[in-house]
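One structure is given here, and the rest of the page talks about it.
Along the sequence shown, residues carry numbers from 1. Note that these values count all heavy atoms, side chains included, but never hydrogens, waters or copies made by symmetry. What you are looking at is a predicted structure, and each value in this text was computed from that prediction instead of being measured. Indexing begins at 1, ligand by ligand and atom by atom, following the structure's order.
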Amino acid sequence: MEVQQRTVDIDGQQMVMWEHGPIDGIPILLVHGFPLDHSMWLNQIDGLDSDGERLRMLCPDLLGCGQSDAINGDMSMEQIADQLAAMLDRIGVSRKVVFCGLSMGGYVGWQFLKRHRDRVSHLVACNTRAAGDTEDAARGRKKMAKSVSRIGSQPIADAMMPSLFYSPLTLTSEDQQKRTLINQVIGSTEAQTIAKLQLAMAARPDMTPFLNQIDVPTLVVSGRHDTFTPEEEMRAMAEAIPGSTFVCVENAAHLTPLENGPAFNQALIEFLLGN
Ligand code: MLT
């Protein structure tokens, strides 16, 4: 089945998205992390083919990221959630979706569920957290937001790599290609996107009190070697979400669905389809 690229108008700005799977499949909205794009889901767009017959994957590049238009004005997790709801309206998805977000995509997920509850059938929270920033973390983000226009995005890409990927002793050529891809995606992200998304994340609310109100089936996925959103923190988060399922994926750090596609896909399929 072909991957279809579409451009959707969101209040005068063009959001580019990729779609794969049958129109009557279970819609899964895959929302990338900071400052990435749809390509971090390549194992899900490409790798879910047999079960993919039952799934309709929807992979946007958030505004400012990948091939979508730049961010106009300020940004917040709440605004991104509303833009995604508008995107679903524009492409005619009225059915409830599986919201699957990684890291910043997960921060958006809490807001999407809170603001658009009737549009969500399931939640998949990957390598993310519910807590807001510590003062230190928020300060670090503001510092980066100030410096990025001067230093450019490439040093930020290079600095982020070690915490994004698990580093075994030897890397296959496929592992290497994934690192090159992500380094290029971050390195070619506009400085103003990095600044605006960092400020948006610094200002995001603490969603910990929301966790016990979640009433959709939820899968929480962590990576065994993730130091940014560690397994123990994610396990505790899962315990606070009524009835949720927790899976920790081996051979993965912060980009679990990309680093270990087969294990992530198996967990997703078991959760959604029960096989
Ligand atoms: C991400 O992967 O989206 C970021 O690490 C999130 C963050 O900086 O909090």
Side-chain angles (χ1 to χ4, degrees), residues 29-44 59-66 68 71 75-81 83-84 99-112 124-148 153 155-166 178-179 181-187 189-191 193-208 220-223 225-231 233-234 237 249 252-260 264:
L29 181 56
L30 295 162
V31 182
H32 60 77
F34 163 85
L36 304 174
D37 69 5
H38 73 285
S39 61
M40 62 143 287
W41 300 108
L42 65 85
N43 290 317
Q44 287 63 52
C59 281
D61 283 352
L62 298 177
L63 290 179
C65 300
S68 289
I71 297 171
M75 191 47 74
S76 66
M77 298 300 113
E78 291 86 339
Q79 279 170 277
I80 299 176
Q83 288 159 0
L84 291 172
F99 190 107
C100 175
L102 180 129
S103 203
M104 183 185 76
Y107 309 158
V108 175
W110 311 128
Q111 299 307 326
F112 191 89
V124 183
C126 315
N127 306 81
T128 193
R129 61 167 47 95
D133 273 358
T134 60
E135 273 180 28
D136 259 11
R139 202 173 307 118
R141 292 191 197 279
K142 287 174 191 160
K143 206 167 147 200
M144 188 192 289
K146 261 197 181 152
S147 63
V148 62
S153 306
I156 290 169
D158 296 338
M160 283 179 74
M161 294 307 287
S163 61
L164 294 180
F165 286 95
Y166 167 55
K178 289 175 189 169
R179 283 160 174 73
L181 168 75
I182 293 299
N183 188 278
Q184 281 169 354
V185 168
I186 302 176
T189 300
E190 294 282 345
T193 296
I194 291 182
K196 289 182 178 186
L197 291 179
Q198 282 289 34
L199 296 177
M201 288 191 286
R204 77 188 192 283
D206 177 10
M207 296 302 284
T208 312
V220 175
V221 183
S222 75
H225 305 278
D226 192 350
T227 51
F228 189 76
T229 45
E231 178 185 347
E233 184 180 344
M234 293 205 66
M237 196 175 81
V249 171
H254 192 56
L255 296 184
T256 299
L258 178 67
E259 297 180 82
N260 191 344
F264 178 85

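Ring-plane geometry between Phe228 and His254 is classed as perpendicular, the angle between the planes exceeding 60 degrees on a 0 to 90 degree scale with a lower cut at 30.
Contact annotation: the side chain of Arg139 never approaches that of Lys142 to less than 4.5 Å [non-hydrogen atoms, C-beta and beyond]. Using a 4.5 Å cut-off on side-chain heavy atoms (C-beta onward), Tyr107 and Met207 make no contact. For the pair Leu62/Thr193, no side-chain contact is recorded, criterion being any heavy-atom separation below 4.5 Å from C-beta on.
For ligand 1, the 4.0 Å heavy-atom shell takes in Gly33, Phe34, Ser103, Met104, Tyr107, Arg141, Met201, Phe228, His254, ordered by chain and residue number.
In terms of the salt bridge (charged side-chain N to carboxylate O under 4.0 Å, His left out) criterion, residue partners of Lys178 (sequence neighbours excluded) are, by chain and number, Glu174.
A side-chain donor from one of Gln79 and Ser76 sits under 3.5 Å from a side-chain acceptor of the other.
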